[in-house]
Amino acid sequence: VEQRAEEGEGTGMDERPRALHEVFPEHADTIKRLLEEDPLFKQKAEEFHYLSRAVHRAEIKEEPVEEVEQIELRKQRDIAKDELFRLILL
């Protein structure tokens, strides 16, 4: 069963990293606008994408990491996701 981002994305093996508009599909238009107009949002979105890819690579063992490091990557990704959501709602 696929879990939605709001329910704790990344608690299991993700099939692939999810794009920001897939994490928050109801805000796709706002995300597109912010990516074009807000440098801070764009920087945070790039950070989220990087962390999502890092978590994915660790989960599929493409780039094996210690479990503690994988947990830390997930925490960082989730913090970035929360910061982006806050910016979307402003």
Side-chain angles (χ1 to χ4, degrees):
V1 175
E2 179 182 331
Q3 292 187 338
R4 294 183 47 84
E6 299 81 11
E7 297 169 352
E9 174 186 276
T11 55
M13 281 256 288
D14 294 336
E15 287 185 24
R16 63 178 176 80
R18 293 170 56 194
L20 197 53
H21 69 276
E22 293 174 314
V23 176
F24 302 117
E26 66 278 12
H27 299 288
D29 291 339
T30 301
I31 290 167
K32 182 179 181 201
R33 180 180 54 79
L34 288 170
L35 285 171
E36 294 171 357
E37 299 174 2
D38 186 336
L40 176 62
F41 185 86
K42 184 175 181 176
Q43 176 187 3
K44 291 289 182 185
E46 289 170 355
E47 177 184 347
F48 172 79
H49 178 72
Y50 170 81
L51 291 166
S52 291
R53 295 275 309 135
V55 167
H56 177 70
R57 287 190 304 269
E59 287 177 342
I60 65 169
K61 311 272 190 275
E62 182 178 311
E63 291 181 17
V65 297
E66 296 292 325
E67 184 177 350
V68 170
E69 185 178 351
Q70 194 176 100
I71 291 168
E72 185 59 31
L73 284 170
R74 286 188 191 127
K75 286 180 185 177
Q76 290 175 8
R77 179 198 56 196
D78 291 345
I79 288 169
K81 180 183 72 177
D82 291 344
E83 290 173 351
L84 287 162
F85 189 61
R86 183 185 61 79
L87 291 170
I88 289 167
L89 295 180
L90 289 179

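All values below were derived from every heavy atom in this structure, side-chain atoms included, with hydrogens, water molecules and symmetry-related copies excluded.
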Residue list, side chain to side chain contact (heavy atoms under 4.5 Å, CB included) with A28, at least two apart or on another chain: H21

Hydrophobic clustering (ILVMFWY, side-chain heavy atoms < 4.5 Å, transitive) - are V55 and Y50 grouped together?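 Result: yes, single cluster for both.
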
Check the orientation of F85 and F24. Use parallel for under 30°, tilted for 30 to 60°, and perpendicular for over 60°.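 Because their plane-to-plane angle is under 30°, the rings of F85 and F24 count as parallel.
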
Would you indicate whether H49, at its atom NE2, is surrounded by more than 12 heavy atoms from other residues, nucleotides or ligands within a distance under 6.0 Å?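 Atom NE2 in H49 is not crowded, with 12 or fewer foreign heavy atoms closer than 6.0 Å.
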
Rounded distance (nearest 0.5 Å) linking atom [atom1] of [X] with atom [atom2] of [Y]:
| X | Y | atom1 | atom2 | answer |
| --- | --- | --- | --- | --- |
| E69 | Q76 | CD | CD | 9.0 Å |
| L51 | K44 | CG | NZ | 10.0 Å |
| E26 | I88 | CD | CD1 | 8.0 Å |
| D82 | F48 | CG | CZ | 10.0 Å |

Residues passing the salt bridge (Lys or Arg N to Asp or Glu O under 4.0 Å) test with R57, sequence neighbours excluded, are E63

Of all heavy-atom pairs between [X] and [Y], which one has the smallest distance, and what is that distance?
| X | Y | answer |
| --- | --- | --- |
| R18 | V23 | NH2-CA, 3.7 Å |
| R77 | S52 | CD-OG, 3.4 Å |
| Q70 | E59 | NE2-N, 3.7 Å |
| A45 | L84 | N-CD2, 3.6 Å |

L89 and H27, any side-chain heavy atoms less than 4.5 Å apart: yes

Report, one line per pair, each donor and acceptor closer than 3.5 Å where one atom sits in a side chain of residues 29-42; sequence neighbours left out.
residue: D38; atom: OD1; partner: L40; partner atom: N; Å: 2.9
residue: D38; atom: OD1; partner: F41; partner atom: N; Å: 3.2

